[in-house]
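Data block below; observations after.
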There are 2 protein chains.
Amino acid sequence: MKKMNEKIDWRSICPISSALDVIGDKWSLLIIRDLIIHEALTYSQFLESPEQISTNILATRLDLLTRLKLIERVHPELASRNNAYKLTKSGKALEPVIKSLGKWAGKYRSI
Amino acid sequence: MKKMNEKIDWRSICPISSALDVIGDKWSLLIIRDLIIHEALTYSQFLESPEQISTNILATRLDLLTRLKLIERVHPELASRNNAYKLTKSGKALEPVIKSLGKWAGKYRSI
DNA sequence: CCGGATCCGGTCTGATACTG
DNA sequence: CAGTATCAGACCGGATCCGG
């Protein structure tokens, strides 16, 4: 551990390491972005996203995000066919993060 | 360093995709976090971070972030020895993103 | 068809050793 | 101190296959 003698609030920044399994992955964030925009999406609807995620990657990410409880099935009682995914409460709570990220990108990474 | 995936550039359309070049990578984000906290750090100081980045990864990430103009050398006129890195203006502008991410992690991901 | 699972070549990662 | 070189293994992603 490093010394903590700064003015910035360390505790609001340090948990970043724990968030890395979510935001440290490109595809996971894109899935969350899509769900923020569209509320609920099926497996094949994710595949239609412009970024062209491949099926195996999508499957592993959906599984990961489900186990992390950031997303969940819209109708858990149904079979997988035509079942959609939506954000959980903690998944929705990422919206400010994604929005501030989008704001930054629009300002500093526009072409 | 070469581009990792040279396909159709959807990043020009979606700002989030464009931002994922930076924050879609675990180590890049940690480097930026460290620089937000410490203002300026040398190569070996990065290596002391608790996450234990390895030397080759650190070198490639510092190079990537420099080329993206998110970080820069504190004394460009000096040789690399004892030279530190700091955030550029656009790098600093990521602070709100990182803070909101930290806030989310602190609330929804137990430390 | 839909929601994945499996296979496989190629790329990237990261621990370690090494160099100026 | 600030990086390279190396190399095995993990991971990505495209194609294909499979169960319901």
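Here is how names work: the chains are called A, B, and so on, in the same order as the sequence lines, proteins then strands, and each is numbered from 1.
As rounded to whole Å, 12 Å separates atom C1' of dC2(C) from atom CD of E48(A). For the pair L30(A) CG and dC12(D) P, the interatomic distance rounds to 13 Å; values are reported in whole Å. Atom C1' of nucleotide dA15(C) and atom CG of L58(B) are separated by 14 Å, given to the nearest angstrom. Rounded to whole Å, the distance from CD1 on I57(B) to C1' on dC7(D) is 13 Å. The CD1 atom of I53(A) sits 10 Å away from the P atom of dG14(D) (whole-angstrom rounding). The distance from atom NZ of K26(B) to atom C1' of dC11(D) is 14 Å, rounded to the nearest whole Å. Taking atom CG on D25(B) and atom P on dC12(D), their separation rounds to 12 Å, with Å as the unit. The CG atom of L64(A) sits 17 Å away from the C1' atom of dA5(C) (whole-angstrom rounding).
Within the 4.0 Å cut-off from OP1 or OP2 of dC12(D), at least one side-chain nitrogen or oxygen of R61(A) is found. OP1 or OP2 of dG14(C) lies within a sub-4.0 Å distance of a side-chain N or O belonging to W27(B).
Of all heavy-atom pairs spanning S90(B) and L70(B), the tightest one is OG-CD2, 3.3 Å. Among all heavy-atom pairs drawn from S18(B) and A105(A), the shortest one is OG-CB, 4.4 Å. Taking each heavy atom of Y85(B) and L35(B) in turn, the nearest pair found is O-CD2, 3.3 Å. In this structure, L41(A) and H38(A) approach most closely via the heavy-atom pair CD2-CB, 3.7 Å. In terms of heavy atoms, Q52(B) sits closest to L47(B) at OE1-O, 3.6 Å.
Side-chain N/O atoms of E72(A) and T66(A) include no donor and acceptor closer than 3.5 Å.
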Polar-atom pairs under 3.5 Å, protein N or O versus N or O of nucleotides 1-5 of chain D: list them with distances, or write none.
residue, atom, partner, partner atom, Å
dC1(D), O2, R81(B), NH2, 3.3
dA2(D), OP1, N82(B), N, 3.0
dA2(D), OP2, S44(B), N, 3.1
dA2(D), OP2, S44(B), OG, 2.9
dG3(D), OP1, R73(B), NH2, 3.4
dG3(D), OP2, Y85(B), OH, 2.9
dG3(D), N7, Y43(B), OH, 3.4
dT4(D), O4, T55(B), OG1, 2.7

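Comparing dG14(D), dC12(D), dG14(C) against the side chain of S54(A) picks out dG14(D) as the nearest.
Between E51(A) and R33(A) a salt bridge is recorded (basic side-chain N to carboxylate O distance below 4.0 Å).
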